[in-house]
Amino acid sequence: MKILVVCGSGVGSSLMVSMNIKAILKELNIDNVEVNNTDLASASPTMADVVVIGKDLSNSLTGFNDVIVLNSIIDKKELNEKIKEMLTRKNII
Amino acid sequence: MTHLLTFLTDILSDPAFLIGLIIFIGLLVQRKAFSDVVKGTLKGILGFLIIGAGAGVLIGSLNYFGQLFQEAFGVAGVVPNNEAIVSLALGKYGQTTAIIMILGMAVNIFIARFTVWKYIFLTGHHTLYMAALISAVLIAGGLQGFHLYAMGGLALGFAMTAFPALVHPYMREITGNDDIALGHFGSIGYWSSAQIGKLLGKGSKSTEDINFPKSFDFLRDSSVSISLTMMVFFVVMTVLSGQTFVRETLGISEHYILFAIKQSIMFAAGVLIILTGVRLILAEIIPAFKGFSDKLVPNAKPALDCPIVFPFAENAVVIGFLMSFLGGIVGMGVLIAAGGLIILPGVIPHFFTGATAGVFGNAVGGRRGAILGSFVNGLVITFLPIALIPVLGELGFANTTFSDTDFIGLGILIGYAANYGAAFLTSLIVVLTAIPFVYTAFVKVRGK
(Lines give C-alpha, C1' and ligand atoms only; values in the text may rest on other atoms or scores of the structure.)
Protein backbone atom coordinates (compact mmCIF):
# COMPACT_ATOMS: atom_id res chain seq x y z
CA MET A 1 0.00 0.00 0.00
CA LYS A 2 1.08 3.59 -0.62
CA ILE A 3 0.47 6.69 1.49
CA LEU A 4 1.04 10.16 0.02
CA VAL A 5 1.42 13.25 2.21
CA VAL A 6 0.63 16.58 0.52
CA CYS A 7 1.49 20.18 1.43
CA GLY A 8 1.77 23.53 -0.37
CA SER A 9 5.34 23.26 -1.61
CA GLY A 10 5.77 19.51 -1.11
CA VAL A 11 9.15 19.82 0.60
CA GLY A 12 8.62 21.06 4.17
CA SER A 13 5.56 20.12 6.19
CA SER A 14 4.73 17.06 4.11
CA LEU A 15 8.21 15.63 4.68
CA MET A 16 7.77 16.09 8.45
CA VAL A 17 4.40 14.35 8.47
CA SER A 18 5.69 11.51 6.28
CA MET A 19 8.60 10.98 8.69
CA ASN A 20 6.11 10.81 11.56
CA ILE A 21 3.98 8.28 9.67
CA LYS A 22 7.06 6.16 8.96
CA ALA A 23 7.83 6.19 12.69
CA ILE A 24 4.29 4.98 13.47
CA LEU A 25 4.57 2.20 10.88
CA LYS A 26 7.93 1.14 12.26
CA GLU A 27 6.48 0.97 15.76
CA LEU A 28 3.76 -1.33 14.44
CA ASN A 29 6.34 -3.42 12.54
CA ILE A 30 4.64 -2.74 9.22
CA ASP A 31 7.07 -2.75 6.31
CA ASN A 32 4.86 -3.15 3.25
CA VAL A 33 3.51 0.42 3.31
CA GLU A 34 5.33 3.07 1.30
CA VAL A 35 5.16 6.73 2.38
CA ASN A 36 5.96 9.63 0.04
CA ASN A 37 5.41 13.38 0.08
CA THR A 38 4.62 15.89 -2.66
CA ASP A 39 3.00 19.25 -3.54
CA LEU A 40 -0.63 19.94 -4.46
CA ALA A 41 -0.02 20.24 -8.20
CA SER A 42 1.96 17.01 -8.51
CA ALA A 43 -0.39 14.88 -6.42
CA SER A 44 -2.48 12.53 -8.54
CA PRO A 45 -4.83 9.69 -7.55
CA THR A 46 -2.64 7.07 -9.24
CA MET A 47 0.24 7.85 -6.91
CA ALA A 48 -1.26 6.48 -3.72
CA ASP A 49 -4.05 4.55 -2.03
CA VAL A 50 -4.39 7.01 0.83
CA VAL A 51 -3.64 10.74 0.95
CA VAL A 52 -2.80 12.65 4.13
CA ILE A 53 -3.28 16.44 4.11
CA GLY A 54 -3.68 19.36 6.54
CA LYS A 55 -7.15 20.81 7.11
CA ASP A 56 -6.22 24.17 5.59
CA LEU A 57 -5.38 22.61 2.21
CA SER A 58 -8.02 19.88 2.06
CA ASN A 59 -10.43 22.00 -0.05
CA SER A 60 -7.84 22.36 -2.79
CA LEU A 61 -7.42 18.61 -3.21
CA THR A 62 -9.87 16.84 -5.51
CA GLY A 63 -10.21 13.43 -7.14
CA PHE A 64 -8.91 11.29 -4.29
CA ASN A 65 -11.08 8.59 -2.73
CA ASP A 66 -9.33 7.99 0.54
CA VAL A 67 -8.22 11.21 2.24
CA ILE A 68 -7.09 11.62 5.83
CA VAL A 69 -7.50 15.26 6.90
CA LEU A 70 -5.37 16.42 9.83
CA ASN A 71 -6.68 19.23 12.02
CA SER A 72 -3.14 19.89 13.14
CA ILE A 73 -0.09 18.71 11.23
CA ILE A 74 2.09 18.81 14.35
CA ASP A 75 -0.27 16.77 16.55
CA LYS A 76 1.33 13.32 16.66
CA LYS A 77 -1.51 11.91 18.73
CA GLU A 78 -4.12 12.83 16.12
CA LEU A 79 -1.88 11.42 13.36
CA ASN A 80 -1.34 8.22 15.30
CA GLU A 81 -5.08 7.67 15.85
CA LYS A 82 -6.03 8.44 12.26
CA ILE A 83 -3.29 6.29 10.73
CA LYS A 84 -4.16 3.35 13.00
CA GLU A 85 -7.85 3.73 12.21
CA MET A 86 -7.03 3.65 8.48
CA LEU A 87 -4.74 0.62 8.85
CA THR A 88 -7.45 -1.22 10.74
CA ARG A 89 -10.00 -0.30 8.08
CA LYS A 90 -7.64 -1.66 5.40
CA ASN A 91 -7.10 -4.87 7.37
CA ILE A 92 -3.37 -4.22 7.68
CA ILE A 93 -3.39 -4.40 11.47
CA MET B 1 46.94 4.86 -8.24
CA THR B 2 46.68 8.21 -10.01
CA HIS B 3 43.61 6.86 -11.76
CA LEU B 4 41.98 6.04 -8.46
CA LEU B 5 42.87 9.48 -7.12
CA THR B 6 41.38 11.22 -10.15
CA PHE B 7 38.30 9.04 -9.78
CA LEU B 8 37.90 10.05 -6.13
CA THR B 9 38.48 13.77 -6.71
CA ASP B 10 36.03 13.62 -9.59
CA ILE B 11 33.37 12.24 -7.26
CA LEU B 12 34.09 14.87 -4.62
CA SER B 13 34.11 17.73 -7.10
CA ASP B 14 30.90 16.74 -8.87
CA PRO B 15 28.00 17.99 -6.76
CA ALA B 16 25.60 15.29 -7.97
CA PHE B 17 28.00 12.48 -6.98
CA LEU B 18 28.93 14.30 -3.79
CA ILE B 19 25.27 14.46 -2.71
CA GLY B 20 24.99 10.76 -3.61
CA LEU B 21 28.08 9.97 -1.53
CA ILE B 22 26.82 11.92 1.49
CA ILE B 23 23.48 10.12 1.33
CA PHE B 24 25.22 6.76 0.78
CA ILE B 25 27.33 7.22 3.93
CA GLY B 26 24.33 8.53 5.89
CA LEU B 27 22.28 5.46 4.99
CA LEU B 28 25.16 3.08 5.79
CA VAL B 29 25.63 4.70 9.21
CA GLN B 30 21.93 4.23 9.91
CA ARG B 31 22.36 0.53 8.96
CA LYS B 32 19.64 0.64 6.33
CA ALA B 33 18.90 -2.39 4.16
CA PHE B 34 20.93 -2.78 0.96
CA SER B 35 17.90 -1.96 -1.22
CA ASP B 36 17.24 1.26 0.74
CA VAL B 37 20.87 2.33 0.39
CA VAL B 38 20.81 1.84 -3.38
CA LYS B 39 17.42 3.51 -3.74
CA GLY B 40 18.31 6.48 -1.54
CA THR B 41 21.67 7.12 -3.18
CA LEU B 42 20.22 6.99 -6.68
CA LYS B 43 17.31 9.24 -5.76
CA GLY B 44 19.65 11.83 -4.27
CA ILE B 45 21.75 12.00 -7.44
CA LEU B 46 18.57 11.99 -9.53
CA GLY B 47 17.25 14.91 -7.45
CA PHE B 48 20.36 16.96 -8.09
CA LEU B 49 20.24 16.34 -11.84
CA ILE B 50 16.53 17.26 -11.88
CA ILE B 51 17.32 20.60 -10.20
CA GLY B 52 19.76 21.33 -13.02
CA ALA B 53 17.13 20.49 -15.64
CA GLY B 54 14.57 22.72 -13.88
CA ALA B 55 17.09 25.54 -13.81
CA GLY B 56 17.32 25.36 -17.59
CA VAL B 57 13.55 25.75 -17.93
CA LEU B 58 13.45 28.62 -15.45
CA ILE B 59 16.36 30.51 -16.95
CA GLY B 60 14.73 30.37 -20.39
CA SER B 61 11.67 32.11 -19.01
CA LEU B 62 13.65 34.51 -16.81
CA ASN B 63 15.83 35.66 -19.69
CA TYR B 64 12.76 36.68 -21.67
CA PHE B 65 11.43 38.29 -18.52
CA GLY B 66 14.57 40.40 -18.12
CA GLN B 67 14.61 41.50 -21.76
CA LEU B 68 10.90 42.37 -21.76
CA PHE B 69 11.12 44.29 -18.49
CA GLN B 70 14.08 46.30 -19.74
CA GLU B 71 12.24 47.13 -22.97
CA ALA B 72 8.91 47.93 -21.29
CA PHE B 73 10.17 50.08 -18.43
CA GLY B 74 13.72 51.04 -19.35
CA VAL B 75 15.08 49.69 -16.04
CA ALA B 76 16.11 46.26 -14.77
CA GLY B 77 13.50 44.24 -12.89
CA VAL B 78 14.19 41.39 -10.51
CA VAL B 79 11.69 38.73 -9.37
CA PRO B 80 12.86 37.30 -6.05
CA ASN B 81 12.38 33.54 -6.09
CA ASN B 82 14.42 31.19 -3.91
CA GLU B 83 14.06 28.18 -6.21
CA ALA B 84 15.26 30.12 -9.24
CA ILE B 85 18.32 31.68 -7.62
CA VAL B 86 19.26 28.48 -5.80
CA SER B 87 19.11 26.42 -8.99
CA LEU B 88 21.54 28.92 -10.54
CA ALA B 89 23.76 28.84 -7.45
CA LEU B 90 23.86 25.04 -7.49
CA GLY B 91 24.98 25.14 -11.12
CA LYS B 92 27.95 27.30 -10.12
CA TYR B 93 28.72 26.35 -6.52
CA GLY B 94 27.04 22.95 -6.14
CA GLN B 95 30.01 21.23 -4.56
CA THR B 96 30.64 23.99 -1.99
CA THR B 97 26.92 24.15 -1.19
CA ALA B 98 26.74 20.39 -0.55
CA ILE B 99 29.75 20.45 1.78
CA ILE B 100 28.57 23.56 3.65
CA MET B 101 25.09 22.07 4.04
CA ILE B 102 26.42 18.93 5.73
CA LEU B 103 28.86 20.86 7.94
CA GLY B 104 26.13 23.37 8.86
CA MET B 105 23.80 20.57 9.95
CA ALA B 106 26.58 19.17 12.13
CA VAL B 107 27.21 22.62 13.67
CA ASN B 108 23.46 22.96 14.29
CA ILE B 109 23.45 19.69 16.25
CA PHE B 110 26.59 20.78 18.14
CA ILE B 111 25.14 24.16 19.17
CA ALA B 112 21.82 22.56 20.15
CA ARG B 113 23.66 19.93 22.20
CA PHE B 114 25.74 22.35 24.25
CA THR B 115 23.68 25.54 24.55
CA VAL B 116 20.17 26.51 25.65
CA TRP B 117 19.15 27.02 22.02
CA LYS B 118 17.85 23.49 21.56
CA TYR B 119 16.54 24.07 18.06
CA ILE B 120 17.09 21.46 15.35
CA PHE B 121 16.33 23.07 12.01
CA LEU B 122 14.32 20.54 10.01
CA THR B 123 13.14 22.65 7.07
CA GLY B 124 15.58 21.01 4.69
CA HIS B 125 14.93 23.09 1.59
CA HIS B 126 15.70 26.25 3.54
CA THR B 127 18.90 24.65 4.84
CA LEU B 128 19.88 23.91 1.25
CA TYR B 129 18.98 27.43 0.07
CA MET B 130 20.89 29.04 2.96
CA ALA B 131 23.92 26.85 2.16
CA ALA B 132 23.73 28.08 -1.44
CA LEU B 133 23.48 31.72 -0.35
CA ILE B 134 26.42 31.41 2.05
CA SER B 135 28.52 29.70 -0.64
CA ALA B 136 27.82 32.47 -3.14
CA VAL B 137 28.55 35.29 -0.70
CA LEU B 138 31.70 33.74 0.79
CA ILE B 139 33.11 32.86 -2.62
CA ALA B 140 32.39 36.40 -3.82
CA GLY B 141 34.21 37.53 -0.65
CA GLY B 142 37.31 35.63 -1.75
CA LEU B 143 37.29 32.63 0.61
CA GLN B 144 38.31 29.23 -0.72
CA GLY B 145 39.18 25.66 0.22
CA PHE B 146 39.05 24.54 3.83
CA HIS B 147 38.62 28.12 5.08
CA LEU B 148 35.51 28.51 2.90
CA TYR B 149 33.94 25.24 4.10
CA ALA B 150 34.70 25.91 7.77
CA MET B 151 33.29 29.45 7.73
CA GLY B 152 30.32 28.35 5.65
CA GLY B 153 29.50 25.51 8.03
CA LEU B 154 29.71 27.79 11.08
CA ALA B 155 27.60 30.51 9.47
CA LEU B 156 24.94 28.01 8.40
CA GLY B 157 24.87 26.25 11.79
CA PHE B 158 24.54 29.63 13.50
CA ALA B 159 21.64 30.62 11.21
CA MET B 160 19.90 27.28 11.85
CA THR B 161 19.83 27.86 15.61
CA ALA B 162 19.80 31.66 15.96
CA PHE B 163 16.82 32.44 13.71
CA PRO B 164 14.49 29.94 15.43
CA ALA B 165 15.73 31.36 18.76
CA LEU B 166 14.94 34.91 17.63
CA VAL B 167 11.25 34.21 17.04
CA HIS B 168 10.70 31.53 19.68
CA PRO B 169 9.24 33.85 22.36
CA TYR B 170 6.43 34.65 19.90
CA MET B 171 6.08 31.03 18.78
CA ARG B 172 5.21 30.22 22.40
CA GLU B 173 2.39 32.79 22.26
CA ILE B 174 1.10 31.42 18.95
CA THR B 175 1.16 27.69 19.67
CA GLY B 176 0.62 27.87 23.42
CA ASN B 177 3.44 25.44 24.11
CA ASP B 178 7.22 25.35 24.18
CA ASP B 179 7.78 22.22 22.09
CA ILE B 180 7.62 23.46 18.52
CA ALA B 181 9.99 26.05 17.07
CA LEU B 182 9.82 27.84 13.75
CA GLY B 183 12.41 26.82 11.17
CA HIS B 184 11.80 29.18 8.28
CA PHE B 185 14.26 31.78 7.06
CA GLY B 186 11.79 34.66 7.10
CA SER B 187 12.36 35.18 10.82
CA ILE B 188 13.60 38.77 10.61
CA GLY B 189 10.29 39.68 8.96
CA TYR B 190 8.28 37.71 11.56
CA TRP B 191 10.23 39.26 14.41
CA SER B 192 9.65 42.76 12.96
CA SER B 193 5.96 42.01 12.57
CA ALA B 194 5.73 40.95 16.21
CA GLN B 195 7.61 44.10 17.33
CA ILE B 196 5.19 46.28 15.36
CA GLY B 197 2.26 44.37 16.81
CA LYS B 198 3.64 44.94 20.29
CA LEU B 199 4.18 48.64 19.62
CA LEU B 200 0.99 49.56 17.77
CA GLY B 201 -1.47 46.76 18.35
CA LYS B 202 -2.46 47.44 21.95
CA GLY B 203 -6.10 46.48 22.57
CA SER B 204 -6.71 45.37 18.98
CA LYS B 205 -9.01 42.33 18.64
CA SER B 206 -7.79 39.05 17.18
CA THR B 207 -8.13 38.45 13.45
CA GLU B 208 -9.83 35.16 14.25
CA ASP B 209 -13.07 36.95 15.23
CA ILE B 210 -13.63 37.94 11.60
CA ASN B 211 -15.58 35.75 9.17
CA PHE B 212 -13.55 35.44 5.99
CA PRO B 213 -14.33 33.85 2.65
CA LYS B 214 -12.27 30.73 1.87
CA SER B 215 -11.66 31.88 -1.67
CA PHE B 216 -7.92 32.49 -1.23
CA ASP B 217 -7.24 28.84 -0.54
CA PHE B 218 -6.28 28.08 -4.12
CA LEU B 219 -3.31 30.45 -3.89
CA ARG B 220 -1.63 28.03 -1.57
CA ASP B 221 -1.12 25.74 -4.54
CA SER B 222 2.15 27.31 -5.61
CA SER B 223 1.87 26.20 -9.25
CA VAL B 224 -1.39 28.15 -9.59
CA SER B 225 -0.27 31.28 -7.76
CA ILE B 226 3.10 31.49 -9.53
CA SER B 227 1.51 31.05 -12.96
CA LEU B 228 -1.12 33.71 -12.27
CA THR B 229 1.20 36.43 -10.96
CA MET B 230 3.86 35.79 -13.57
CA MET B 231 1.08 35.95 -16.17
CA VAL B 232 0.09 39.43 -15.01
CA PHE B 233 3.71 40.62 -15.23
CA PHE B 234 4.46 38.91 -18.53
CA VAL B 235 1.29 40.07 -20.30
CA VAL B 236 1.69 43.69 -19.14
CA MET B 237 5.34 43.77 -20.17
CA THR B 238 4.70 42.12 -23.52
CA VAL B 239 1.90 44.54 -24.36
CA LEU B 240 4.11 47.50 -23.40
CA SER B 241 7.07 46.13 -25.35
CA GLY B 242 4.89 45.55 -28.39
CA GLN B 243 4.55 42.81 -30.96
CA THR B 244 7.45 44.06 -33.04
CA PHE B 245 9.91 43.77 -30.16
CA VAL B 246 8.76 40.24 -29.42
CA ARG B 247 8.95 39.17 -33.06
CA GLU B 248 12.13 40.92 -34.15
CA THR B 249 14.35 41.27 -31.09
CA LEU B 250 13.32 38.10 -29.27
CA GLY B 251 12.71 36.17 -32.49
CA ILE B 252 9.35 34.71 -31.45
CA SER B 253 7.00 33.81 -34.28
CA GLU B 254 3.91 32.87 -32.27
CA HIS B 255 1.31 35.45 -31.16
CA TYR B 256 2.92 37.68 -28.56
CA ILE B 257 0.18 37.35 -25.94
CA LEU B 258 0.22 33.55 -26.22
CA PHE B 259 4.00 33.73 -25.88
CA ALA B 260 3.61 35.77 -22.68
CA ILE B 261 1.09 33.34 -21.21
CA LYS B 262 3.23 30.33 -22.06
CA GLN B 263 6.38 31.84 -20.57
CA SER B 264 4.58 32.62 -17.30
CA ILE B 265 3.43 29.02 -16.99
CA MET B 266 6.92 27.92 -18.04
CA PHE B 267 8.30 29.79 -15.04
CA ALA B 268 5.95 27.85 -12.75
CA ALA B 269 6.98 24.65 -14.53
CA GLY B 270 10.64 25.39 -13.75
CA VAL B 271 9.87 25.97 -10.06
CA LEU B 272 7.86 22.74 -9.93
CA ILE B 273 10.68 20.74 -11.51
CA ILE B 274 13.25 22.20 -9.11
CA LEU B 275 11.02 21.42 -6.11
CA THR B 276 10.74 17.81 -7.30
CA GLY B 277 14.54 17.58 -7.31
CA VAL B 278 14.82 19.25 -3.90
CA ARG B 279 12.23 16.81 -2.56
CA LEU B 280 14.18 13.77 -3.77
CA ILE B 281 17.38 14.98 -2.09
CA LEU B 282 15.76 16.00 1.19
CA ALA B 283 13.73 12.81 1.57
CA GLU B 284 17.07 11.05 2.16
CA ILE B 285 19.05 13.69 4.05
CA ILE B 286 16.53 15.07 6.57
CA PRO B 287 15.43 11.76 8.17
CA ALA B 288 19.12 10.91 8.74
CA PHE B 289 19.72 14.37 10.24
CA LYS B 290 16.72 13.95 12.54
CA GLY B 291 17.92 10.46 13.45
CA PHE B 292 21.31 11.77 14.56
CA SER B 293 19.89 14.73 16.47
CA ASP B 294 17.33 12.53 18.26
CA LYS B 295 20.21 10.46 19.58
CA LEU B 296 22.63 13.29 20.31
CA VAL B 297 20.50 16.17 21.59
CA PRO B 298 18.27 15.54 24.61
CA ASN B 299 15.21 17.84 24.77
CA ALA B 300 15.72 19.06 21.22
CA LYS B 301 12.99 21.29 19.82
CA PRO B 302 12.23 20.68 16.13
CA ALA B 303 12.21 23.91 14.12
CA LEU B 304 9.61 23.35 11.40
CA ASP B 305 8.39 24.94 8.18
CA CYS B 306 6.17 28.04 8.43
CA PRO B 307 2.78 26.48 7.52
CA ILE B 308 2.77 24.92 11.00
CA VAL B 309 1.58 28.29 12.37
CA PHE B 310 -1.21 28.75 9.79
CA PRO B 311 -3.86 26.66 11.60
CA PHE B 312 -3.41 28.82 14.73
CA ALA B 313 -4.77 31.94 12.99
CA GLU B 314 -6.31 31.19 9.61
CA ASN B 315 -7.66 34.71 9.02
CA ALA B 316 -4.29 36.24 9.83
CA VAL B 317 -2.90 34.05 7.01
CA VAL B 318 -5.15 35.72 4.43
CA ILE B 319 -4.70 39.22 5.85
CA GLY B 320 -0.96 38.71 6.10
CA PHE B 321 -0.61 37.61 2.48
CA LEU B 322 -2.69 40.50 1.13
CA MET B 323 -0.98 43.16 3.27
CA SER B 324 2.51 41.83 2.52
CA PHE B 325 1.74 41.82 -1.20
CA LEU B 326 0.41 45.37 -0.87
CA GLY B 327 3.67 46.27 0.89
CA GLY B 328 5.53 44.75 -2.06
CA ILE B 329 3.53 46.86 -4.54
CA VAL B 330 4.01 50.07 -2.51
CA GLY B 331 7.72 49.27 -2.18
CA MET B 332 7.97 48.68 -5.93
CA GLY B 333 6.32 52.09 -6.50
CA VAL B 334 8.94 53.73 -4.28
CA LEU B 335 11.75 51.97 -6.19
CA ILE B 336 10.30 53.06 -9.53
CA ALA B 337 10.13 56.67 -8.26
CA ALA B 338 13.71 56.43 -7.01
CA GLY B 339 15.00 54.99 -10.30
CA GLY B 340 17.45 52.10 -10.62
CA LEU B 341 16.83 48.44 -9.91
CA ILE B 342 13.20 47.37 -9.39
CA ILE B 343 12.21 44.46 -7.12
CA LEU B 344 8.88 42.96 -8.18
CA PRO B 345 6.53 41.37 -5.67
CA GLY B 346 6.92 37.59 -5.94
CA VAL B 347 3.73 35.82 -4.90
CA ILE B 348 5.41 32.87 -3.18
CA PRO B 349 7.50 34.85 -0.67
CA HIS B 350 4.61 37.23 -0.01
CA PHE B 351 2.27 34.33 0.57
CA PHE B 352 4.41 32.23 2.87
CA THR B 353 6.33 34.94 4.72
CA GLY B 354 3.46 37.45 4.62
CA ALA B 355 1.00 34.94 6.03
CA THR B 356 3.44 33.93 8.77
CA ALA B 357 4.18 37.59 9.59
CA GLY B 358 0.40 38.07 9.85
CA VAL B 359 0.12 35.23 12.36
CA PHE B 360 2.99 36.69 14.42
CA GLY B 361 1.56 40.23 14.29
CA ASN B 362 -1.84 38.94 15.35
CA ALA B 363 -0.45 36.93 18.26
CA VAL B 364 1.04 40.06 19.82
CA GLY B 365 -1.05 42.92 18.44
CA GLY B 366 -4.36 41.58 17.10
CA ARG B 367 -5.78 42.84 13.81
CA ARG B 368 -3.70 46.00 13.79
CA GLY B 369 -0.58 43.94 14.49
CA ALA B 370 -1.39 41.49 11.68
CA ILE B 371 -2.14 44.24 9.14
CA LEU B 372 0.78 46.55 9.91
CA GLY B 373 3.27 43.79 10.70
CA SER B 374 2.78 41.92 7.44
CA PHE B 375 2.73 45.19 5.49
CA VAL B 376 6.18 45.97 6.91
CA ASN B 377 7.29 42.42 6.04
CA GLY B 378 6.29 43.18 2.44
CA LEU B 379 8.32 46.41 2.44
CA VAL B 380 11.33 44.66 3.98
CA ILE B 381 11.47 41.87 1.39
CA THR B 382 11.19 44.48 -1.35
CA PHE B 383 13.91 46.89 -0.19
CA LEU B 384 16.49 44.53 1.32
CA PRO B 385 17.30 42.57 -1.88
CA ILE B 386 18.64 45.84 -3.38
CA ALA B 387 21.47 45.71 -0.84
CA LEU B 388 22.00 41.96 -1.25
CA ILE B 389 22.43 41.84 -5.02
CA PRO B 390 25.86 43.57 -5.12
CA VAL B 391 27.41 41.01 -2.73
CA LEU B 392 26.11 37.92 -4.56
CA GLY B 393 29.06 37.91 -6.95
CA GLU B 394 28.29 36.27 -10.29
CA LEU B 395 24.75 35.52 -9.14
CA GLY B 396 24.05 39.24 -8.82
CA PHE B 397 23.53 39.44 -12.58
CA ALA B 398 20.58 37.03 -12.66
CA ASN B 399 17.06 38.40 -13.09
CA THR B 400 16.13 36.79 -9.80
CA THR B 401 17.37 36.74 -6.22
CA PHE B 402 16.75 35.35 -2.73
CA SER B 403 13.34 36.30 -1.43
CA ASP B 404 13.11 35.70 2.33
CA THR B 405 14.46 38.04 4.98
CA ASP B 406 17.02 35.82 6.68
CA PHE B 407 18.79 34.85 3.46
CA ILE B 408 18.92 38.52 2.59
CA GLY B 409 19.85 39.69 6.11
CA LEU B 410 22.65 37.19 6.66
CA GLY B 411 23.82 37.62 3.06
CA ILE B 412 24.10 41.39 3.50
CA LEU B 413 25.88 41.02 6.85
CA ILE B 414 28.60 38.62 5.72
CA GLY B 415 28.73 40.06 2.21
CA TYR B 416 29.59 43.58 3.41
CA ALA B 417 31.89 42.22 6.11
CA ALA B 418 33.86 40.58 3.29
CA ASN B 419 34.68 44.07 1.98
CA TYR B 420 36.92 44.52 5.03
CA GLY B 421 38.97 41.45 4.16
CA ALA B 422 38.96 37.74 4.90
CA ALA B 423 40.31 38.18 8.44
CA PHE B 424 37.45 40.48 9.44
CA LEU B 425 34.92 38.14 7.82
CA THR B 426 36.37 35.15 9.68
CA SER B 427 36.28 36.95 13.03
CA LEU B 428 32.68 38.03 12.45
CA ILE B 429 31.52 34.47 11.72
CA VAL B 430 33.42 33.11 14.73
CA VAL B 431 31.88 35.80 16.97
CA LEU B 432 28.40 35.00 15.61
CA THR B 433 28.91 31.29 16.31
CA ALA B 434 30.05 32.11 19.85
CA ILE B 435 26.82 34.01 20.63
CA PRO B 436 24.73 30.95 21.65
CA PHE B 437 27.52 29.69 23.92
CA VAL B 438 28.03 33.08 25.58
CA TYR B 439 24.28 33.50 25.98
CA THR B 440 24.03 30.06 27.60
CA ALA B 441 26.83 30.89 30.05
CA PHE B 442 25.04 34.14 30.86
CA VAL B 443 21.70 32.39 31.46
CA LYS B 444 23.33 29.79 33.70
CA VAL B 445 25.20 32.37 35.79
CA ARG B 446 22.03 34.42 36.21
CA GLY B 447 20.11 31.26 37.10
CA LYS B 448 22.40 30.69 40.07
Side-chain angles (χ1 to χ4, degrees), chain A residues 2-27 29-44 47-48 51-64 67 69-79, chain B residues 33 82-83 122-126 128-129 175 177 179-180 183-184 214-227 268-269 271-291 294 302 304-312 314 317 348 351-352 355:
Chain A
K2 283 183 180 173
I3 299 176
L4 185 67
V5 190
V6 179
C7 74
S9 65
V11 285
S13 330
S14 56
L15 177 62
M16 283 318 304
V17 175
S18 75
M19 280 159 63
N20 290 338
I21 295 176
K22 280 179 188 163
I24 294 170
L25 294 173
K26 199 174 169 198
E27 209 174 278
N29 280 322
I30 297 171
D31 54 8
N32 56 350
V33 175
E34 196 181 309
V35 189
N36 288 305
N37 59 300
T38 193
D39 62 289
L40 270 176
S42 311
S44 79
M47 288 163 75
V51 174
V52 178
I53 192 163
K55 190 180 71 177
D56 48 340
L57 286 180
S58 55
N59 289 337
S60 315
L61 190 78
T62 45
F64 290 85
V67 181
V69 178
L70 299 175
N71 291 316
S72 160
I73 53 172
I74 51 176
D75 187 348
K76 286 189 184 166
K77 199 168 148 252
E78 183 196 358
L79 183 70
Chain B
N82 289 329
E83 280 73 28
L122 291 173
T123 310
H125 60 298
H126 268 203
L128 175 69
Y129 300 171
T175 62
N177 70 46
D179 301 335
I180 303 286
H184 196 260
K214 289 264 168 210
S215 42
F216 290 102
D217 271 7
F218 75 104
L219 285 177
R220 215 163 309 170
D221 186 337
S222 48
S223 59
V224 177
S225 48
I226 295 179
S227 302
V271 172
L272 220 56
I273 297 172
I274 292 166
L275 281 174
T276 304
V278 170
R279 183 153 58 239
L280 285 170
I281 293 177
L282 295 184
E284 305 303 332
I285 292 182
I286 298 303
F289 176 53
K290 187 167 183 293
D294 284 351
L304 306 176
D305 199 2
C306 67
I308 57 161
V309 303
F310 293 175
F312 293 99
E314 289 175 4
V317 167
I348 292 300
F351 184 81
F352 284 104

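Just so we're clear, the structure is a prediction, and the values are computed from it rather than from any experiment. Order of the sequence lines fixes the chain letters, A, B, ..., with proteins taken first and strands second; residue numbering starts at 1 for each chain.
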Exercise. Mind listing the closest non-hydrogen atom pair of B/L272 and A/A41 along with its distance?
Key: CD2-CB, 4.2 Å
Practice problem: Only one of B/L275, B/T123, B/L128 passes side-chain contact (heavy atoms from CB on, under 4.5 Å) with A/V11; say which it is. | Solution: B/L275
Quiz item: Below 4.5 Å, heavy atoms only, C-beta onward: do B/L304 and A/I74 meet side chain to side chain?
Solution: yes
Quiz item: Can you tell me how far CG of A/N37 sits from CG of B/L282, rounded to the nearest 0.5 angstrom?
Solution: 9.0 Å
Quiz item: Which residues from residues 16-24 of chain A are near chain B, with near meaning under 4.5 Å between non-hydrogen atoms?
Solution: A/M16, A/M19
Quiz item: Tell me, do B/R279 and A/N36 make a side-chain contact under 4.5 Å, heavy atoms counted?
Solution: no
Self-check item: Proximal component of A/S13, with respect to chain B [non-hydrogen, under 4.5 Å]
Solution: both
Quiz item: Atom CD1 in B/I308, atom SG in A/C7: separation rounded to 0.5 Å?
Solution: 12.5 Å
